[in-house]
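Everything numeric here is computed off the predicted structure, so don't read it as measured data. Side chains are part of it too, since the values below use all heavy atoms of this structure and drop only hydrogens, waters and symmetry mates.
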Amino acid sequence: MITFYRTRKCPGCAAIQDTLEELCIAHETVVLESPNDLPPELASAGHPPILVDEHDVITGSKNIIAHLEKLEKFKELWYKYQSDACYCDD
């Protein structure tokens, strides 16, 4: 499960939130009142925005968006090969 930690005044967080919702992947958004309100296990990760995907901790808007783009590509492949059709090309 993906957990997204953000603050209310984060400039890049709205775009990340929109991308998460568009991808339709299970996720939880935790809105922090202060960047210091992170759980103890993430205190050393830095300041929000922070995305936790299983055991991966991704920080920074650009890095999070890049990670979500990889997930989107994986999701597209997953759906492509879930049908009964045969695929012979690369």
Side-chain angles (χ1 to χ4, degrees):
M1 170 109 157
I2 292 174
T3 306
F4 176 49
Y5 294 91
R6 64 169 289 181
T7 57
R8 294 188 193 283
K9 297 179 182 180
C10 172
C13 291
I16 295 169
Q17 185 72 42
D18 289 344
T19 304
L20 280 167
E21 290 173 8
E22 287 172 10
L23 285 175
C24 296
I25 352 181
H27 70 280
E28 175 185 11
T29 300
V30 178
V31 180
L32 306 168
E33 294 302 320
S34 162
N36 299 326
D37 293 339
L38 283 168
E41 62 270 13
L42 294 176
S44 64
H47 294 290
I50 297 174
L51 186 112
V52 179
D53 184 359
E54 296 289 325
H55 302 292
D56 297 328
V57 177
I58 301 105
T59 59
S61 296
K62 290 181 183 179
N63 294 335
I64 292 172
I65 292 293
H67 181 76
L68 293 177
E69 288 171 354
K70 288 179 191 175
L71 288 179
E72 183 177 24
K73 289 177 185 175
F74 176 78
K75 183 181 168 189
E76 289 172 5
L77 282 174
W78 181 267
Y79 285 136
K80 178 179 178 178
Y81 294 110
Q82 292 305 308
S83 68
D84 291 334
C86 293
Y87 293 93
C88 297
D89 59 302
D90 293 341

Inset, instruction - To the nearest 0.5 angstrom, please state how far the CD1 atom of Ile16 sits from the CD1 atom of Ile58. - result: 10.5 Å
Inset, instruction - With the side chain counted from C-beta on, respond yes when Leu51 and Thr3 share a heavy-atom pair under 4.5 Å apart, and no when they do not. - result: no
Inset, instruction - Give a yes or no on whether the backbone of Gly60 and the side-chain of Asn63 come within a donor-acceptor separation of less than 3.5 Å. - result: no
Inset, instruction - Begin with the C-alpha distance, continue with both residues' side-chain angles, and end with the deciding distance and a verdict on side-chain contact (heavy atoms from CB on, under 4.5 Å) for Glu72 and Glu22. - result: CA-CA 10 Å; Glu72 183 177 24; Glu22 287 172 10; over 6 Å; no
Legend entry - Approximate separation, where rounding is to 0.5 Å, of Glu21 CD and His27 NE2: 5.5 Å
Legend entry - Between OG1 on residue Thr19 and CD1 on residue Ile64, distance to nearest 0.5 Å: 10.5 Å
Inset, instruction - Drop me the distance from Leu23's CG to Glu76's CD, to the nearest 0.5 angstrom. - result: 9.0 Å
Legend entry - Heavy-atom side-chain contact between Ile2 and Glu28 under 4.5 Å: no
Legend entry - Side-chain heavy-atom pair Pro39, Leu42 within 4.5 angstrom cut-off: yes
Inset, instruction - May I ask you to decide if Met1's main-chain N or O and Glu54's side chain share a donor-acceptor pair within less than 3.5 Å? - result: yes
Legend entry - Any Val31 side-chain heavy atom under 4.5 Å of Thr7 side chain: no
Inset, instruction - To the nearest 0.5 angstrom, please state how far the CG atom of Leu38 sits from the OG atom of Ser44. - result: 9.5 Å
Inset, instruction - Any chance you could measure Phe4, atom CZ, to Gln17, atom CD, to the nearest 0.5 Å? - result: 6.0 Å
